[in-house]
Amino acid sequence: FLDFLEAGLVDRRESTVNWDPVDRTVLANEQVIDGKGWRSGAPVEKRQLTQWFFRITAFADELIDDLDTLKGWPERVRMMQANWISRSTGLKLTFELSGALASHIDPSDGLTVYTTRPDTIFGAAFCAVAPDHPLAQAAAKTDEAAAAFIAECAQLGTSEQALEKAEKVGHRLAIDAVHPFVNGRKLPVYIANFVLMEYGEGAIFGCPAHDQRDLDFARKYGLEILPVVRPSGHDGPFEIGAEAETGDGVLVNSTFLDGMEVASAQAEIIRRASEGGFGEAKVNYRLRDWGVSRQRYWGCPIPIIHCDTCGIVPVPRESLPIALPETVSFDTPGNPLDRDDAWRLVECPQCGREARRETDTMDTFVDSSWYYARFCAPQAETPTDLPSVGHWLPVDQYIGGIEHAILHLLYSRFFARAMHATGHLPEEAREPFPSLFTQGMVCHETYRTDAEGWLSPDQIERRDGGVYSRASGAAVEVGPPIKMSKSKKNVVAPEEFIEQYGADTARWFMLSDSPPERDVEWSEAGVEGAWRHLQRVWRLVLSVAGGGRPKAPASDSAALKAAHRAGHTVTEDIAGFRFNRAIARLYELTGQLASAKEDDPGKAEGVRILIRLMFPFTPHFAEEAWRKLGGKQTQILAKTAWFEPDPAFLVEDLLTLPVQVNGKKRGEISVPADASSAEIEQAALALEAVTKQLQGGEPRKVIVVPKRIVNVVV
RNA sequence: GCCCAGGUGGCGGAAUUGGUAGACGCGCUGGCUUCAGGUGCCAGUUCCCGCAAGGGAGUGGAAGUUCGAGUCUUCUCCUGGGCACCA
């Protein structure tokens with residue numbers, strides 16, 4: 001924290017924050033989901049507080065640009081992060097003001113707006129500021145109607161539904177903005193409910209013809225709707241209907257811009273505004289700095305002391321780390337650190353006078369943002385040990401749930417960059433997790449009754465087509481399958497399941513059922529198949545145990561060939577996280593081995609390979625089978641190298657090729673792997689199914705795709 | 001509204017990335033084993049016609065590209081997710 005502070009990556013400022021009334025603490029933007037606290041689920045309130053921030057926006061460009069380098073990440077996670085950071089490029093433009101301005105506003109400041117469509121400046125019909133914009137606030141001091149309007153906006157709320165229904169309304173101020181490119185043209189200035197103080201400059205110019213919100217607003221207040229971009233593929237005059245024209249096109253009604261494409265018109269306006277000294281190109285982000293102050297005991301202390309004389313003083317490094325007080329009372333709501341004077345009151349490290357510790361603690365996401373770096377050398381005296389992080393990082397393969405797509409994964413990416421900037425991580429670890437796998441969540445439906453609240457699956461029973469509480473007999477309200485969680489009690493305790501089938505059957509079953517990245521609704525249907533499989537393999541093991549290894553290489557063994565081939569695909573499937581497919585292949589191999597001839601010389605070795613391939617899925621079972629197969633001299637499987645198939649077994653000498661007529665399969669041929677196209681064609685045309693279709697005629701064309709297929713076109 | 005995924009048998013899901021659709025498992029049907037149930041083993045199981053051989057249809061829907069489309073293109077309908085008065 002102190003290093004970040006020195007590097008200018010930490011900020012303290014007053015701002016409007018998200019306040020969780022249940023957890024009684026501040027939340028970062030990322031931690032507000034649909035207007036509710038991510039942990040408590042309580043509707044979040046707005047408060048003005050002085051807070052510590054990590055300047056994640058300092059890396060906004062990098063965080064968005066480097067997403068392209070994350071080839072090992074799921075596309076949707078990259079998309080979600082790009083969406084969250086959301087960069088836009090445009091023009092920051094300052095209008096001169098005229099009119100009856102409140103006395104305490106300096107008219108020479110003008111009105112600064114942000115736009116991504118500078119090309120539409122000639123279609124501008126009005127300017128609007130956010131209700132909490134300084135201009136609006138100043139007006140409210142003398143203009144009662146303005147004050148009332150602002151209060152009304154605050155009341156409306158920011159929930160989705162409220163926004164959906166809210167009409168675009170405004171309050172006309174007694175000032176005008178002077179159009180920078182049209183002599184004598186003045187734009188009325190409004191306070192408008194749809195302009196946000198948090199984004200851009202908190203002020204806009206409105207071009208009704210080419211922005212839907214501006215169009216709605218203009219229609220309501222009878223403002224001019226002047227189209228300035230003629231849509232591509234459109235000739236002659238045209239009118240704006242119910243919808244604004246937001247697409248590309250050619251500029252019209254725009255004096256020196258007429259005839260230009262949108263992109264070059266934008267560049268031209270930015271150039272002229274910059275030259276004129278009233279505007280500049282500006283990049284804006286949706287991403288906000290990360291507020292890390294939390295008003296609670298359970299968190300890492302922020303190493304800052306507040307002194308009335310010296311102001312904000314960092315805790316000297318030699319007195320780090322700061323330990324939290326161990327005797328603490330949670331009887332009263334609020335942060336106990338605020339009440340603990342023995343801990344809170346300290347000497348100022350600079351002037352020695354009485355001062356106070358910062359009692360806010362850090363968001364716990366701070367800790368999870370760099371644990372992987374600390375874990376490389378957990379005993380080190382410094383936050384990280386450079387040789388160790390240099391050796392281990394970045395993390396080769398990261399695995400986590402999709403719910404961390406923005407929160408944890410974005411914070412960690414920021415932290416790695418900030419730690420690199422402050423010398424705690426090497427360049428190679430700027431991007432902490434080059435490869436990410438997002439596993440799915442295990443879901444289950446939920447059960448509740450009004451009297452008993454949430455019920456677990458073993459507290460309910462199904463009878464007569466209904467669902468009832470075992471305890472009370474009351475009818476149960478059944479909810480859709482959602483992620484298992486303790487609070488909703490929709491969890492299945494694994495103990496009973498393991499008791500009945502064994503841990504290895506449970507593992508095998510769970511991995512066999514569906515791809516790991518997919519959400520699954522938990523069901524025990526199908527576990528019998530897993531159980532049967534282990535029984536079957538065990539019988540197979542017993543049948544070959546004691547047979548010993550074959551003396552001579554059994555190259556003509558069908559069992560051995562099948563095992564080596566399975567070894568090849570299973571290895572690839574495991575590496576690609578396709579566990580369900582690997583298991584399907586092992587089921588297949590088991591069948592092949594079980595039906596191998598008694599005198600197959602490679603059968604015992606095939607079973608040994610099967611056991612080795614099963615080991616990652618059913619470790620206990622496999623070790624036991626391994627011992628049964630191998631006798632005392634065999635090393636345990638956990639210490640045995642992974643099976644490597646012999647390439648000699650992977651080559652086919654005889655191929656079965658499907659034969660199509662006009663793209664429809666009519667038969668198949670068996671040909672040597674090295675057969676020429678001509679030979680294959682000949683064999684295909686000799687097929688009865690093909691000659692029947694040809695009816696004595698010649699094929700128009702024969703397509704032979706080596707090792708794949710033959711298609712006869714008639 | 002914008003941006004992503006995804007839609008395949010009764011179910012979970014495969015399909016070598018344009019080349020035999022439905023691997024493997026569950027379930028179901030029939031048979032063998034058994035006094036019986038279960039286990040185990042064998043056979044069948046996308047749909048329609050047919051005793052069978054065989055034929056026809058078929059990957060949400062419509063069209064297109066191709067010798068060949070679950071896979072590519074366009075439109076469209078549904079489901080899930082992300083973002084959202086972001087100027």
Side-chain angles (χ1 to χ4, degrees), chain A residues 33 74-88 90-91 113-118 120 127-128 130 158 160 162-164 166-168 192-196 198-207 210-214 216-217 243 246 284-287 402 405-406 508-509 512-515 517-521 523-533 535-536 539 569 572 578 580-591 594-595 656-668 689 692 699-714:
Chain A
I33 316 290
E75 179 60 28
R76 67 166 169 160
V77 177
R78 291 192 280 172
M79 195 69 67
M80 281 162 75
Q81 292 217 351
N83 251 328
W84 185 262
I85 299 166
S86 187
R87 172 169 55 194
S88 75
L91 170 68
V113 303
Y114 176 72
T115 179
T116 54
R117 293 295 303 273
T120 63
C127 283
T158 50
E160 280 171 80
L163 292 178
E164 200 100 329
E167 206 186 349
K168 312 245 170 317
N193 64 344
F194 64 95
V195 181
L196 306 174
E198 305 89 73
Y199 191 79
E201 300 297 322
I204 59 159
F205 77 73
C207 175
H210 304 289
D211 182 284
Q212 191 60 45
R213 292 154 306 178
D214 298 346
D216 295 346
F217 191 81
E243 285 179 22
T246 52
N284 257 319
Y285 304 90
R286 205 190 79 96
L287 181 70
I402 187 69
I406 292 172
W508 181 268
F509 168 58
S512 72
D513 213 35
S514 60
E517 70 273 16
R518 208 169 292 186
D519 286 350
V520 291
E521 185 180 355
S523 155
E524 288 180 23
V527 67
E528 297 288 341
W531 195 78
R532 276 202 281 265
H533 176 253
Q535 304 297 322
R536 196 178 185 204
R539 286 195 302 274
T569 52
E572 287 191 338
R578 297 179 295 266
N580 56 326
R581 239 171 55 163
I583 284 177
R585 192 68 190 82
L586 289 170
Y587 271 120
E588 215 176 345
L589 175 59
T590 305
S595 57
T656 303
L657 296 184
V659 176
Q660 298 181 329
V661 176
N662 290 340
K664 197 157 183 59
K665 190 194 165 193
R666 294 291 170 183
E668 50 190 32
K692 209 168 116 191
R700 281 204 294 157
K701 198 173 173 186
V702 178
I703 290 150
V704 176
V705 183
K707 298 193 201 317
R708 284 257 191 275
I709 204 165
V710 181
N711 191 11
V712 180
V713 186
V714 208

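Lettering follows sequence order; numbering is per chain, from 1.
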Anti or syn, where syn is a glycosidic angle within 90° of 0; which label fits B:U8?
anti
Could you let me know what B:C75 is paired to, Watson-Crick or G-U wobble, both distances under 3.5 Å, or none if it's on its own?
B:G61
Per nearest nucleotide of RNA chain B, the residue lying toward the 5' end, A:Ser512 or A:Arg585, is A:Ser512
Taking the nucleotide of RNA chain B with the closest heavy atom to each, which residue, A:Arg578 or A:Gln660, is nearer the 5' end?
A:Arg578
Whether the A:Tyr199 and A:Ser86 side chains hold a donor-acceptor pair (N or O, under 3.5 Å, no angle test) is what I'd like checked.
no
Quick one: closest heavy-atom pair of A:Lys168 and A:Arg213, and the distance?
CE-CG, 3.3 Å
Side-chain contact check for A:Arg666: nearest option of B:C41, B:G55, B:C85 is B:G55
A:Trp531 has an atom CH2; how far is it from atom C1' of B:C24, in whole Å?
20 Å
Out of B:A87, B:A14, B:G19, minimum distance to the side chain of A:Val195 belongs to B:A87
Check: A:His533 main-chain N/O paired with A:Tyr587 side-chain donor or acceptor under 3.5 Å
no
Within the 4.0 Å heavy-atom criterion, would you say A:Arg700 contacts the bases, only the backbone, or no part of the nucleic acid?
nothing
What integer distance in Å separates A:Tyr199:OH from B:A87:P?
4 Å
Have a look at B:G68 and give me syn or anti from its glycosidic angle (syn if within 90° of zero).
anti
Tell me: CD1 of A:Ile402 to P of B:C4, nearest whole Å?
16 Å
To the nearest angstrom, how far is A:Glu528 atom CD from B:U39 atom P?
8 Å
